[in-house]
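In what follows, a single structure is set out as structure tokens and then discussed.
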Number of protein chains: 2
Amino acid sequence: MPWRDGTGPPWWHGKFRGCGYRLTASRQAILDVLSKTSKHLSAEDIYLKVHKIYPAIGLTTVYRTLELLVQTGMVFKFDFGDGKARYELSEGPRSIGHHHHLVCTGCGRIVDYTDFIDDEIELLNQTEKGLSKKYNFKITNHLIQFYGLCYRCQNIK
Amino acid sequence: MPWRDGTGPPWWHGKFRGCGYRLTASRQAILDVLSKTSKHLSAEDIYLKVHKIYPAIGLTTVYRTLELLVQTGMVFKFDFGDGKARYELSEGPRSIGHHHHLVCTGCGRIVDYTDFIDDEIELLNQTEKGLSKKYNFKITNHLIQFYGLCYRCQNIK
DNA sequence: TTTATTAATGATAATGATTGTCATTAACAT
DNA sequence: ATGTTAATGACAATCATTATCATTAATAAA
């Protein structure tokens, strides 16, 4: 399956049909928005962006589509503790764009990092294997976040 | 500082005074409940349990106390994707009770695991050190969750 | 191609966890 | 013992997310 190699249709085209879902304009628009950002968008952020391109869309559809995308593993849903969920396109824990987060508990700032990812991934693979066997889980993804204070919040009294 | 060694007052007594907070009956009751469970309680779960011992307490106070406990690092707030936050007493990522979670995306079942923790922790320490330096973050905690399907959900069509 | 089937959609209302308000109470420093 | 002020509880308000339901449109069937 072509994964964003620039040739042919976007990598997600086949994903829907295969599962019996329809590839609609709304869904394409949402995937488009997600694939063109590196930000951590909330459902409403996504709604607003999609709305510019495709004004007919409703917020409900955004929520519904995101749920579907999360279920099929195409999108990962994050919680950074600010009361709304954030969504990122997920090409799986082994993909190139995969990263983890550093979360400032003072101001909510989020830093994506890919440093150290290689070592982490290797260990995580092992852990995954062990956990899968012991608990009979079929593991599909993982979430790693570090919490702390960013340089700014360290210096605020 | 005594950390639940069984002698003297509960380990958290000093935590409050030191920060200028008052150690009230509500707060003690909430900490008591949290320290006596290994479940992943929501704010309402906690409210109901505390209410039995200390019926005067209000739900608002539970939320406020939990927020305080999270801020001071005594409690960790989790999101397992079911719409409500869960709280666990945190003695920090190096403590004995520290564990990570396996989350079933099918039914929401949560498995705590401590297996592999030692290797994980060692790598996480290194990563933490590297990240701290590079991004100038003062890291205080981390969150690790694996997502997948439990044995039951794997066999449901 | 036309038509039938049914998933997908949008508008709107409903839900429910969490937060804000404010008068009252109680910890604890003095 | 008393004053200061943080903490509390009842209640209202907020706001992200979900449910409802009539309508539309993507795909299969003819």
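Numbered from 1 within each chain, the chains take letters A, B, ... in sequence-line order.
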Side chain of [X] (C-beta onward), nearest among [options]:
X	options	result
B/T61	D/dT17, D/dG9, C/dC28	D/dG9
B/T24	D/dT8, D/dA6, C/dT18	D/dT8
B/S26	C/dT9, D/dG9, C/dA17	D/dG9
B/E44	C/dA17, D/dG9, C/dT9	C/dA17
B/T65	D/dT27, C/dA27, D/dT8	D/dT8

For this session: Check A/K133, A/R94, A/K138 against A/E128 for a salt bridge (Lys or Arg N to Asp or Glu O under 4.0 Å) and give me the one that passes.
Result: A/R94

What is the separation between atom [atom1] on [X] and atom [atom2] on [N], rounded to the nearest whole Å?
X	N	atom1	atom2	value
B/D82	D/dT17	CG	C1'	13 Å
A/K84	D/dT18	NZ	P	15 Å
B/E67	C/dT19	CD	P	6 Å
B/L66	C/dA17	CG	P	15 Å
B/L23	C/dA26	CG	P	16 Å
A/L68	C/dA8	CG	C1'	11 Å
B/K77	C/dT18	NZ	P	7 Å
B/Q28	C/dA27	CD	C1'	12 Å

Problem set entry | Interatomic spacing from OG in B/S26 to OH in B/Y54 - rounded to 0.5 Å | 4.0 Å

At under 4.0 Å, does any side-chain N or O of [X] touch on OP1 or OP2 of [N]?
X	N	result
A/Y63	D/dT17	yes
A/T60	C/dT9	no
A/R27	D/dA26	no

Exercise. Reckon B/A25 touches a base, only the sugar-phosphate, or nothing at all at heavy-atom distances under 4.0 Å?
Worked result: nothing

Exercise. At under 4.0 Å between heavy atoms, what does B/S42 touch on the DNA or RNA strands: base, sugar-phosphate, or nothing?
Worked result: nothing

Exercise. Does the base of D/dG9 carry an N or O that pairs as donor and acceptor with the side chain of B/R64 under 3.5 Å?
Worked result: yes

For this session: Before giving the answer on side-chain contact (heavy atoms from CB on, under 4.5 Å), spell out for A/T72 and A/Y21 the whole-Å C-alpha distance, their side-chain angles and the decisive distance to 0.1 Å.
Result: CA-CA 11 Å; A/T72 58; A/Y21 300 114; 4.1 Å; yes

For this session: Give a yes-or-no answer on whether the side chains of B/Q145 and A/H142 include a donor-acceptor pair shorter than 3.5 Å.
Result: no

Problem set entry | Residue pair B/D112 / B/S38, side-chain heavy-atom distance below 4.5 Å | no

Seminar exercise, completed: On DNA chain C, more 5' by nearest nucleotide between B/Y54 and B/G83 is B/G83

